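Take a look at the structure below.
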Amino acid sequence: MAQITKQSGAASSTPSVVKRWVLSFILTRMVDERRQAQKRTKQEANRQKQGRRHVVEYFHQVEDGYSHLAIQALKKLHQRYDIELVVHLAPALRDDN
């Protein structure tokens with residue numbers, strides 16, 4: 001029977017107090033709604049300043065029924081809004097994963 005061992009490094013099951021605090025601080029800051037709104041506003045201003053259009057990147061899988069439905073919705077979206085639609089063909093899945 002295999003013996004259970006503690007993992008170390010990034011996968012540690014018992015990180016130090018300092019490591020937990022730093023990680024909590026960083027993640028809380030990353031998901032702060034006010035900060036995200038400010039970042040989006042700044043990115044939108046930069047996009048407009050550079051004269052770039054909104055870009056929607058879509059990955060289409062020919063054999064997938066949901067992709068067929070999605071492309072119909074994207075057609076309406078493209079007609080309604082001034083966006084650049086970039087379509088990528090995705091290969092079929094090879095396994096259940």
Side-chain angles (χ1 to χ4, degrees):
M1 187 163 172
Q3 184 177 359
I4 298 174
T5 59
K6 283 187 175 181
Q7 294 184 359
S8 61
S12 174
S13 58
T14 54
S16 70
V17 174
V18 174
K19 187 175 181 179
R20 283 195 316 258
W21 183 86
V22 169
L23 191 57
S24 175
F25 177 80
I26 291 170
L27 292 176
T28 301
R29 186 170 161 86
M30 284 175 58
V31 298
D32 180 50
E33 291 179 20
R34 189 184 78 241
R35 195 164 180 275
Q36 285 182 348
Q38 290 172 343
K39 187 176 178 180
R40 287 184 185 123
T41 302
K42 185 178 178 182
Q43 288 174 336
E44 178 64 13
N46 285 340
R47 183 194 64 78
Q48 290 177 354
K49 184 178 174 183
Q50 295 172 359
R52 293 184 290 122
R53 296 169 55 194
H54 285 281
V55 176
V56 174
E57 294 202 37
Y58 169 67
F59 294 82
H60 184 81
Q61 185 178 347
V62 178
E63 298 85 10
D64 182 41
Y66 291 110
S67 290
H68 179 70
L69 295 172
I71 200 81
Q72 293 174 35
L74 284 173
K75 181 179 179 182
K76 291 179 183 177
L77 186 72
H78 189 257
Q79 291 170 346
R80 187 172 187 174
Y81 297 101
D82 181 29
I83 60 172
E84 179 182 341
L85 184 60
V86 179
V87 179
H88 304 275
L89 287 178
L93 298 176
R94 294 185 194 91
D95 57 14
D96 292 337
N97 295 324

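Values in this document were obtained by computation on a predicted structure and should not be read as measured data.
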Can you tell if the side chain of Leu23 reaches within under 4.5 Å of the side chain of Leu27, non-hydrogen atoms only? yes
Check which hydrophobic residues are tied to [X] through side-chain heavy-atom contacts below 4.5 Å, counting indirect links as well, and list them.
X     : value
Val87 : Val56, Tyr58, Ile71, Leu74, Leu77, Tyr81, Ile83, Leu85
Leu89 : Val62
Val86 : Val55

Report the residues that fulfil salt bridge (Lys or Arg N to Asp or Glu O under 4.0 Å) with Glu84, sequence neighbours left out, ordered by chain and then residue number. none
With sequence neighbours excluded, tell me which residues meet salt bridge (Lys or Arg N to Asp or Glu O under 4.0 Å) with Arg47. Glu44
Residues 33-43 side chain polar contacts: donor-acceptor under 3.5 Å, at least two apart:
unit_1	atom_1	unit_2	atom_2	d
Gln36	NE2	Met30	O	3.2
Thr41	OG1	Ala37	O	2.9

Who are the side chain to side chain donor-acceptor pair (under 3.5 Å) partners of [X], not counting sequence neighbours?
X     : result
Gln79 : none
Arg29 : none
His78 : none

Between the main-chain N or O of Ser24 and the side-chain N or O of Thr28, is there a donor-acceptor pair closer than 3.5 Å? yes
Hits for ring pair (Phe, Tyr, Trp, His ring centres under 6.0 Å) against Phe25, two or more places apart or cross-chain, chain-then-number order -> Trp21
What pairs of residues pass the salt bridge (charged side-chain N to carboxylate O under 4.0 Å, His left out) test when at least one of them lies in residues 56-82, not counting sequence neighbours? Arg53-Asp82
